[in-house]
Protein chains: 2
Amino acid sequence: MTSSPAKTVPDSSASPPSQGQGNPGIVPDYELIELLFFAYRDFVGEPDRLLEKHGFGRAHHRVVHFVNRNEGLTVAELLDILEITKQSLARVLKDLISGGFVEQRSGQEDRRQRLLFLTPKGRALADQLVGMQSRRISRAIAGAAPESRGLIAKFLSELIDRERPGSAGQRISTGTI
Amino acid sequence: MTSSPAKTVPDSSASPPSQGQGNPGIVPDYELIELLFFAYRDFVGEPDRLLEKHGFGRAHHRVVHFVNRNEGLTVAELLDILEITKQSLARVLKDLISGGFVEQRSGQEDRRQRLLFLTPKGRALADQLVGMQSRRISRAIAGAAPESRGLIAKFLSELIDRERPGSAGQRISTGTI
DNA sequence: GAAATATGTCAACAACATTGACATAATTTC
DNA sequence: GAAATTATGTCAATGTTGTTGACATATTTC
């Protein structure tokens with residue numbers, strides 16, 4: 001592999017590949033599209049390597065994260081946030097419960113509900129994961145103008161779907177969150 | 001499901017879940033962590049729905065995208081960008097070639113190489129995908145201060161790993177791209 | 001008491017990733 | 001020119017995460 005490395009993200013020169021034919025009036029934003037791809041990959045890649053040591057994957061990460069952020073939430077609420085099926089959640093939840101990271105308690109008002117909580121062990125893991133992602137964000141934003149953070153948050157929240165009823169984006173835009 | 005929707009992203013109040021115990025000095029950045037999750041999900045979710053009509057998935061999207069962006073690249077270069085295994089690539093590449101979206105031609109200097117090109121059909125698909133993602137970005141950035149775009153691009157590129165040798169991040173930071 | 005709800009579980013399947021081994025053709029090295 | 005290396009393809013096996021659809025149980029609501 002002594003071949004020249006593929007050019008990819010930051011090109012300002014480079015022959016225009018296909019000039020957005022069939023997309024009248026839209027300026028192809030290759031740069032941000034690819035930056036989102038690479039940035040997200042590495043952003044979740046680092047947690048992945050820690051999770052692997054516990055035999056967990058990304059799905060476990062999401063569950064631990066949102067239970068940490070919303071202790072006592074119901075299974076239905078978690079499904080609503082993650083937008084996955086009951087079965088997909090059940091699988092990873094089972095791992096997390098049997099591993100002693102997550103606990104279930106019956107709801108007091110409605111005893112059909114299984115409220116989800118982190119154990120101290122689960123909280124420690126969640127904190128580690130949040131820590132590494134927060135550090136990465138902090139590094140990435142360091143030295144930038146003070147208004148950057150707000151602009152970035154605004155941009156990301158505007159990327160989220162507003163139409164899909166019940167979606168995270170929907171809940172954000174209606175202030176239900 | 002008449003239960004109250006789970007709070008998740010934009011909370012400034014809310015009881016602090018675990019206050020980053022075990023992460024001395026790190027301020028947990030729940031907001032950006034979750035915005036990245038939701039934003040990326042919807043950002044790739046829209047393309048997903050178009051790809052489904054062709055019987056394709058995300059892996060096909062990535063291949064079409066990077067072949068479009070780098071016509072004539074070799075299989076090895078594509079593997080290098082995607083950071084997946086030969087087998088994973090082979091599977092989707094086979095679909096794309098048999099479907100008439102991608103073409104292979106032997107290299108002129110090195111005839112072992114199979115250079116990858118999009119057919120007009122493949123280019124049309126790539127353009128559609130780039131179009132919808134570009135529109136989403138454009139909408140998200142509309143009305144923001146003119147310097148926003150640069151700040152966002154900087155932030156995202158800073159999220160990318162610089163250490164991993166040969167990685168996209170590495171290539172970016174060394175200007176090899 | 002009947003209907004609706006919250007959750008759990010089972011079976012089957014699909015997409016996408018992995019590893020490791022091996023085959024072929026072409027190029028490079030000595 | 002023979003040997004080693006390289007670029008690619010392919011096979012078999014496996015794991016994670018997602019899906020659908022059906023069904024069971026406990027609890028709440030009407």
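Chain identifiers are assigned alphabetically (A, B, ...) following the order of the sequence lines, protein sequences preceding nucleic acid strands; residue numbering begins at 1 within each chain.
What separates CG of B:L115 from C1' of C:dA26 is a distance of 14 Å, to the nearest Å. What separates CZ of A:R114 from C1' of C:dT5 is a distance of 13 Å, to the nearest Å. As rounded to whole Å, 19 Å separates atom P of D:dG15 from atom CG of A:L51. Rounded to a whole Å, the CG atom of B:L78 is 13 Å from the C1' atom of D:dT8. Rounding to whole angstrom units, CG of residue B:D80 and P of D:dT8 are separated by 11 Å. With rounding to whole Å, B:Q113 atom CD is found 15 Å from D:dG9 atom C1'. The interatomic distance linking A:L79 (CG) with C:dT9 (C1') rounds to 14 Å, in whole Å. Spacing between atom CG of A:D48 and atom P of C:dT18 amounts to 12 Å, rounded to whole angstrom units.
In terms of modelled atom types and a separation under 3.5 Å, the side chain of A:N68 and the main chain of A:R123 share no donor-acceptor contact. Judged by distance alone, the side chain of A:R69 and the main-chain N or O of A:V64 form no donor-acceptor pair under 3.5 Å. At distances below 3.5 Å, not a single donor-acceptor pair connects side-chain atoms of A:T74 with backbone N or O atoms of A:L115.
Residue A:L116 holds its CG atom at 9.5 Å from CD of A:E71, rounded to the nearest 0.5 Å. Going from atom CG of B:L78 over to atom CG of B:L82 covers 4.5 Å, rounded to the nearest 0.5 Å.
Using bins of under 30°, 30° to 60° and over 60° for the plane-to-plane angle, the ring pair A:F101/A:H54 lands in the perpendicular bin.
In this structure, B:R136 does not pair ionically with A:D29, as no charged nitrogen and carboxylate oxygen lie closer than 4.0 Å.
Side-chain contact check for B:I141 versus B:R149: some heavy-atom pair is nearer than 4.5 Å.
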All N/O pairs under 3.5 Å across the protein-nucleotides 28-30 of chain C interface:
none

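The phosphate of C:dC16 (OP1 or OP2) has a side-chain N or O of B:H60 nearer than 4.0 angstrom. Considering only side-chain N and O atoms, B:R111 lies nowhere under 4.0 angstrom from the phosphate OP1 or OP2 of D:dT6.
A:H61 comes within contact range of no nucleotide atom at all, as no heavy-atom separation falls under 4.0 Å.
When each of A:F56 and B:V75 is assigned the nucleotide of DNA chain D with its nearest heavy atom, B:V75 is the one assigned upstream, toward the 5' end.
Here the rule is ring-ring contact (aromatic ring centres under 6.0 Å, His included) with B:F37, and of A:F43, A:Y40, A:F66 only A:F66 fits it.
Using a 4.0 Å cutoff on non-hydrogen atoms, the parts of residues 84-109 of chain B near DNA chain C are B:I84, B:T85, B:Q87, B:S88, B:R91, B:E109, ordered by number.
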